[in-house]
Amino acid sequence: MDIEKLIAEMTLEEKCSLLSGADFWHTKAVERLGIPATMVSDGPHGLRKQDEKADHLGVNESIKAVCFPAASATAASFDREVVRKIGEGVGDACQHENLSVILGPAVNIKRSPLCGRNFEYFSEDPYLTGELAASLIEGVQSRNVGTSIKHFAANSQEHRRMSSDAVVDERTLREIYLPAFERAVKKAQPWTVMCSYNKVNGEYASQNRWLLTDVLRNEWGFEGYVMSDWGAVSDRVKGVHAGLDLEMPASGGTNDARVVAAVREGRLDEKDVDTCVRRILTIVDRYLKNRKPETEWDKEKQHALARDLAAECMVLLKNEDAVLPFAKEEKVAVIGQFAKKPRYQGGGSSHINSFKVESLLDALEGMSGITYAQGYGIVGEEPDEALIAEAVEAAKAADKAVIVAGLPDSFESEGYDRTHMRMPKCQNELICRVAAANPNTVVVLYNGSPVEMPWADCVKGIIEAYLGGQAVGGATKAVLYGEKNPCGRLPESFPYQLEDNPSFLSYGGEGNTAVYNEGVFVGYRYYDKKKMAVRYPFGYGLSYTTFAYSNLCVSAKSMDDTEKVKVTVDVTNTGNRAGKEVVQLYVRNAPASVFRPVRELKGIEKVELAPGETKTVSFTLCKRAFAYWHAQLQDWMVETGTFGIEIARSSRDIVLCEDIEVRGTKALPQEPVSPDSIMMDLEKNPAAMAGLQPLLTAVQQALGMGGNEEKSEAASEAVTEDMGKAMMAYMPLRGLASFGNGAISYDQLKAMCDQINAQK
Ligand code: BGC
């Protein structure tokens with residue numbers, strides 16, 4: 001495609017027509033010039049390709065496809081390879097089905113456990129989210145199919161998602177809500193980005209030039225096109241100028257006509273339209289050139305892959321008395337409707353029409369000693385005595401009981417938020433009663449976001465499986481029976497109760513205004529700072545084997561922030577089973593002039609180790625690992641200090657630590673000196689202190705200080721030297737001058753300040 005030639009040949013109307021979809025899922029064609037339509041489709045943990053009746057809420061059926069584990073689950077793998085493999089599988093399916101772009105990954109940060117779409121999102125941590133998103137993108141795009149990382153930006157709630165204004169200070173945006181996008185763009189260059197519905201600091205994301213052009217393109221170097229979320233466009237003309245290339249879905253031509261009129265009336269530069277067209281056609285062309293409809297889509301093979309990957313994601317939260325793994329000879333009571341009919345994905349636009357589903361009971365078929373009781377119903381919350389009694393009987397007659405529980409579809413979905421963090425009453429009651437009947441009870445959870453676990457102390461085993469995709473049953477069996485050694489870690493903190501969550505006081509907002517009051521203290525950044533007990537911390541997860549860490553080496557004890565540091569550590573499997581360990585590297589922040597979290601995740605590596613085997617894991621850290629965003633400097637800032645390099649099993653279990661001195665090479669901005677400047681700030685500014693010497697001397701003389709005169713005992717007791725210094729620290733210059741008995745007038749002081757400022 002000669003894109004420049006096409007742009008030159010197209011009429012303004014034709015160009016503007018390309019800036020919105022032809023229908024729900026297609027870009028427009030310009031037949032006269034041989035530009036074809038291309039199709040995009042939802043996902044991204046599978047294909048949701050709708051054929052005839054299109055809608056974006058998942059109401060109408062889509063083609064039969066393979067449902068891989070959702071992002072909530074894959075994040076728990078802490079494994080780039082797991083996510084990359086899903087991307088490759090989905091990419092193959094896209095080629096087979098003639099899809100140019102799959103609409104994902106979804107990378108919004110889990111600010112609260114209440115967000116209805118948390119099951120589709122990765123984590124409360126931006127580093128983990130960004131790394132995994134980049135892997136998904138690399139996987140899909142290795143098949144020459146595009147991705148659309150979404151929803152850009154600050155779309156961390158479903159409540160009023162199309163009208164809410166996320167009011168977030170810039171430092172918080174830069175450190176928490178934007179870095180996953182930034183990392184993915186810089187590392188994997190997604191073909192497209194999808195903007196969110198909400199406003200960000202007063203402007204709809206779909207027409208927010210700061211987001212779509214200044215940050216995304218000019219700072220991060222994004223090269224593809226930006227499309228709107230479905231129906232997210234408010235002012236299309238403003239959007240074109242802001243950098244929103246494609247409006248989705250179709251606007252019935254009305255917005256295209258508005259853009260034409262704006263150009264004709266001189267309110268919009270035609271060059272802006274050309275830029276959008278160029279970006280869209282570049283991606284269309286890339287897809288067309290690399291089409292491979294003959295690509296095989298082996299669904300059975302992908303089902304087996306989905307099972308293996310789901311097992312990689314399961315998090316063993318509790319295993320008292322080694323209740324797990326089960327032995328084949330044991331009699332096991334399998335309880336819970338989810339054991340028969342698993343909840344394995346969430347509702348809304350990511351909903352996949354699975355070509356088959358494998359439940360735990362399916363996976364256990366043919367094994368002896370298995371009994372099943374339903375335990376609870378999925379509709380309605382109230383406990384059903386008959387179902388509970390049947391489950392209790394089954395549990396009594398067995399060696400061990402496993403209850404498959406979690407959240408029903410109605411509890412969490414795209415389009416609305418949860419109002420609480422509880423599981424249905426009937427399930428909580430069932431778990432308590434079964435645990436009382438059989439001391440060897442294990443709970444497996446199928447849910448998309450954290451739940452309160454009032455029964456956690458009553459059961460011996462807990463597995464968090466999240467929403468594990470269509471083969472979740474086989475994966476559950478593999479972990480229960482030790483065919484797979486669990487190796488997932490929690491990608492989010494599990495608080496005891498919703499009220500503990502840092503966003504609790506303001507989540508959802510007042511009317512259309514959602515102020516992100518907790519700032520950068522999201523998830524473990526808050527719980528760790530508060531030293532607050534949590535049910536399970538970020539990064540936590542057990543194994544059937546044990547690991548030991550040794551030989552933490554940091555390549556430099558001290559460095560400039562322009563340098564890099566290499567960190568290595570040895571990990572040994574000290575148990576008698578092969579297993580995988582997730583090595584987590586946190587940086588413990590040095591004291592700074594802004595509030596900072598205690599520690600932040602800056603590296604993850606997953607290693608597989610045979611019994612007795614040792615491997616060396618290495619990480620490289622650069623400036624960003626130590627920096628915070630300085631809004632005034634509009635840059636990343638490292639303040640010189642002693643940071644900790646922490647190797648950890650979770651944010652609460654630091655195994656090894658080495659200190660490192662990092663020198664910031666950029667100075668903090670100096671405020672101009674004025675009569676209102678206070679001493680403690682001036683003392684950090686040697687040039688100012690030198691310039692102020694006449695004043696300081698005059699004051700000392702007037703107060704009779706500086707000499708060796710004796711103070712009375714009473715005077716020394718009333719104001720000790722330390723107290724005097726501390727009080728003095730907050731003294732403005734004008735106050736100090738007033739102690740000088742008029743030796744320095746206000747005007748003289750002002751002149752002194754001006755002179756100091758002029759020297760800079
Ligand atoms: C969702 C997007 C989705 C789109 C198309 C929107 O409502 O927010 O994630 O890709 O619909 O279905």
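Both ligands and their constituent atoms are indexed starting at 1 by order of listing.
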Open item on the list: Under 4.0 Å from a heavy atom of Met194: which atoms of ligand 1 are those, numbered in the order shown and with their elements?
Closed with: 10 (O)
Open item on the list: Under 4.0 Å from a heavy atom of Leu103: which atoms of ligand 1 are those, numbered in the order shown and with their elements?
Closed with: 10 (O)
Open item on the list: Are any of the N/O atoms on Trp25, whether in the backbone or the side chain, positioned under 3.5 angstrom from an N/O atom of ligand 1?
Closed with: no
Task: Sequence-distant partners of Phe68, ring-ring contact (aromatic ring centres under 6.0 Å, His included), two or more places apart - done: none
Task: Within 6.0 Å of NZ in Lys292, more than 12 heavy atoms from elsewhere - done: no
Task: For ligand 1, the portion of Gln50 having any non-hydrogen atom under 4.0 Å away - done: neither
TODO: Please confirm whether Tyr197 comes under 4.0 Å of ligand 1, counting heavy atoms of the residue only.
DONE: yes
TODO: Would you mind listing which atoms of ligand 1 come within a distance below 4.0 Å of any non-hydrogen atom of Ser349?
DONE: 1 (C), 2 (C), 3 (C), 9 (O), 12 (O)
Task: Sub-4.0 Å heavy-atom approach of Glu414 to ligand 1 - done: yes
Task: For His151, the ligand 1 atoms whose distance to one of its heavy atoms is below 4.0 Å - done: 2 (C), 8 (O), 9 (O)
TODO: Check each atom of ligand 1 against the heavy atoms of Lys150 and keep those under 4.0 Å away; list them by number with element.
DONE: 2 (C), 3 (C), 9 (O), 10 (O)
- [ ] For side-chain hydrogen bond (donor to acceptor under 3.5 Å, both in side chains), just list the numbers for Gln302 and Trp297, CA-CA rounded to whole Å, side-chain angles, deciding distance to a tenth of an Å, and then say yes or no.
- [x] CA-CA 8 Å; Gln302 289 200 351; Trp297 183 15; 3.0 Å; yes
Task: Residue Lys64 excluded, over 12 heavy atoms near NZ under 6.0 Å - done: yes
- [ ] Considering only NZ, NE, NH1 and NH2 on the basic side and carboxylate oxygens on the acidic side, decide whether Glu138 and Lys187 come within less than 4.0 Å.
- [x] no
TODO: For ligand 1, indicate whether the residue Met248 contacts it via side chain, backbone, both or neither (heavy-atom separation under 4.0 Å).
DONE: neither
Task: Sequence neighbours excluded, every pair satisfying salt bridge (Lys or Arg N to Asp or Glu O under 4.0 Å) that has a member inside residues 102-111 - done: Lys110-Glu492, Arg111-Glu518
Task: ligand 1 atoms in contact with Arg48 (distance to a heavy atom under 4.0 Å) - done: 12 (O)
- [ ] For Lys299, look at atom NZ and say whether over 12 heavy atoms of other residues, nucleotides or ligands are found less than 6.0 Å away.
- [x] yes
TODO: Determine the interplanar angle of the Tyr121 and His151 rings, folded into 0 to 90°, and report it as parallel if under 30°, tilted if 30 to 60°, perpendicular if over 60°.
DONE: perpendicular
- [ ] Between Arg161 and ligand 1, find which residue part has any heavy-atom pair under 4.0 Å and reply side chain, backbone, both or neither.
- [x] side chain
Task: Proximity of Arg117 to ligand 1 by residue part, where a heavy atom lies under 4.0 Å - done: side chain
Task: Heavy-atom neighbours of Glu294 CD exceed 12 at 6.0 Å - done: yes
